[in-house]
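Worksheet: one structure, shown below.
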2 protein chains.
Amino acid sequence: MGASKSAEFTEEQNEISHLFKALGHPARIAIIQHLMNLKSCICNDLVGILPLSQATISQHLRELKDAGIIKGTIEGTSVCYCLNHESLVKLTDILEGFKEINTTNEAKCC
Amino acid sequence: MGASKSAEFTEEQNEISHLFKALGHPARIAIIQHLMNLKSCICNDLVGILPLSQATISQHLRELKDAGIIKGTIEGTSVCYCLNHESLVKLTDILEGFKEINTTNEAKCC
DNA sequence: TATCTTTATCGCAATATTACGATTAATTAG
DNA sequence: CTAATTAATCGTAATATTGCGATAAAGATA
């Protein structure tokens, strides 16, 4: 065998990993960086900027959207995608939690 | 085709996504949480706690180590793994960057 | 030395991800 | 209405990840 025992982990563990997983591809980091650099956030100027086809970019956008990292609204012919501030706060909070506890334990550690 | 155009992205984009990717699996989140809850950090009590075989857990530990999320030192028969505070700081910094720029742009956004 | 314990690695199977061309759906422009 | 534009989805191929049993490597213990 060899597949996805995600049902055996807690819902929290699955949720957290889902968020991080969405950021686990260079194309998706590139998309986020592009979204940051734009004054506005109308996309698919991405086609032409990223070394990927329209279909592939659309797929990456969907993954970011499914994870809640970006929000998208249809706007005439094109779509407006922007970063979802809330999910970024959530991620930071998770990491702060990791860091905090680790700091207090560090002395006892290798 | 269908494989990894990572060479076409910047080194920074690949590095960042590599870090996040390491956190993109529920088992690896569970490992981190366990490392947090322990007073010390000697592992492979993990076998028995996670619903995975020893071989699989070892693989997940290696991925976390390769990404720099945990540090490991050989200690007699067993291995001492603990969180690498530095990489957690790095991740937080990246996210802070994402958040900051987004906040200032939010008004112009959908 | 022989054996036990602990962790890493190999080889393989199942599944998931990545990527693309082609097609579809929906809106805009003429 | 027709053509053009934009973005999503389908189908498929290539590759990567996940997971395990078996085995190997290395130190601990009898």
Side-chain angles (χ1 to χ4, degrees), chain A residues 1-9 13-14 17-31 34-35 40-67 70-82 110, chain B residues 1-9 13-14 17-31 34-35 40-67 70-82 110:
Chain A
M1 301 150 230
S4 177
K5 289 203 157 185
S6 58
E8 314 240 15
F9 294 96
Q13 287 160 347
N14 278 297
S17 63
H18 186 223
L19 270 173
F20 283 121
K21 194 176 191 177
L23 299 176
H25 192 287
R28 295 196 286 271
I29 296 297
I31 289 173
H34 183 70
L35 243 46
S40 101
C41 56
I42 309 292
C43 297
N44 277 41
D45 28 350
L46 285 172
V47 183
I49 289 175
L50 299 186
L52 298 171
S53 74
Q54 185 268 321
T56 304
I57 292 171
S58 186
Q59 248 179 262
H60 282 302
L61 286 169
R62 188 152 62 101
E63 269 178 85
L64 285 169
K65 201 180 168 189
D66 285 349
I70 61 176
K71 298 181 280 190
T73 344
I74 294 167
E75 198 155 279
T77 316
S78 63
V79 170
C80 174
Y81 277 120
C82 49
C110 45
Chain B
M1 300 151 230
S4 175
K5 290 203 157 184
S6 57
E8 315 239 17
F9 295 95
Q13 288 161 347
N14 278 297
S17 63
H18 186 223
L19 270 174
F20 283 120
K21 194 176 190 177
L23 299 177
H25 192 286
R28 295 196 287 272
I29 297 297
I31 289 172
H34 183 70
L35 243 48
S40 101
C41 56
I42 310 291
C43 296
N44 275 41
D45 28 351
L46 284 173
V47 183
I49 289 175
L50 300 186
L52 298 170
S53 73
Q54 185 270 320
T56 305
I57 291 171
S58 186
Q59 247 179 266
H60 282 302
L61 285 169
R62 187 153 62 103
E63 268 178 85
L64 285 170
K65 200 180 169 189
D66 285 350
I70 60 176
K71 298 181 280 191
T73 345
I74 294 168
E75 197 156 281
T77 315
S78 63
V79 172
C80 173
Y81 278 119
C82 49
C110 46

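Every heavy atom of this structure was used, including side-chain atoms; hydrogens, water molecules and symmetry mates were not. Numbered from 1 within each chain, the chains take letters A, B, ... in sequence-line order.
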Identify the two heavy atoms, one from [X] and one from [Y], that lie closest to each other, and give their separation to 0.1 Å.
| X | Y | result |
| --- | --- | --- |
| G72(B) | Y81(B) | CA-CD2, 3.4 Å |
| Q13(A) | A30(B) | NE2-CB, 3.5 Å |
| L64(B) | A22(B) | CD2-O, 3.7 Å |

[X] vs [N]: side-chain N/O to OP1/OP2 distance below 4.0 Å:
| X | N | result |
| --- | --- | --- |
| Y81(A) | dT6(D) | no |
| K5(B) | dC20(C) | yes |
| K21(A) | dT17(C) | yes |

End-to-end axis angle, where each axis spans five pairs of the helix from dT1(C)-dA30(D) to dG30(C)-dC1(D), to 10° =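 The end axes of the helix from dT1(C)-dA30(D) to dG30(C)-dC1(D) are about 20° apart, to the nearest 10°.
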To the nearest Å, how far apart are [X] [atom1] and [N] [atom2]?
| X | N | atom1 | atom2 | value |
| --- | --- | --- | --- | --- |
| L46(A) | dA8(D) | CG | C1' | 15 Å |
| L64(B) | dA8(C) | CG | P | 12 Å |
| E63(A) | dA7(D) | CD | P | 18 Å |
| H60(B) | dA16(D) | NE2 | P | 18 Å |
| Q54(B) | dA22(D) | CD | P | 13 Å |
| I70(A) | dA7(D) | CD1 | P | 12 Å |
| D66(A) | dA8(D) | CG | P | 11 Å |
| H18(A) | dT17(C) | NE2 | C1' | 13 Å |

Do [X] and [Y] touch side chain to side chain, with heavy atoms closer than 4.5 Å?
| X | Y | answer |
| --- | --- | --- |
| F20(A) | I29(B) | yes |
| L50(B) | H34(B) | no |
| V79(B) | L61(B) | no |

Comparing T56(B) and T56(A) on DNA chain D - which has the more 5′ nearest nucleotide = T56(A)
On DNA chain D, more 5' by nearest nucleotide between R62(A) and H25(B) is R62(A)
Tell me which of F9(B) and K65(B) sits closer to the 5' end of DNA chain C, going by the nucleotide each one is nearest to.
->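 Its nucleotide being nearer the 5' end, the pick is K65(B).
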Could you say whether A55(A) or G24(A) is positioned toward the 5' end of DNA chain C, judged by the nucleotide with the nearest heavy atom to each?
->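 Going by which nucleotide is closer to the 5' end, it is G24(A).
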Within the modelled atom types, does a donor on one side and an acceptor on the other bring the side chain of Q59(A) and the base of dA8(D) under 3.5 Å apart?
->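 Under the 3.5 Å cut-off, the side chain and the base do not form any donor-acceptor pair.
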Aromatic ring pairing H25(A)/H60(A), orientation class (parallel under 30°, perpendicular over 60°, tilted between) | tilted
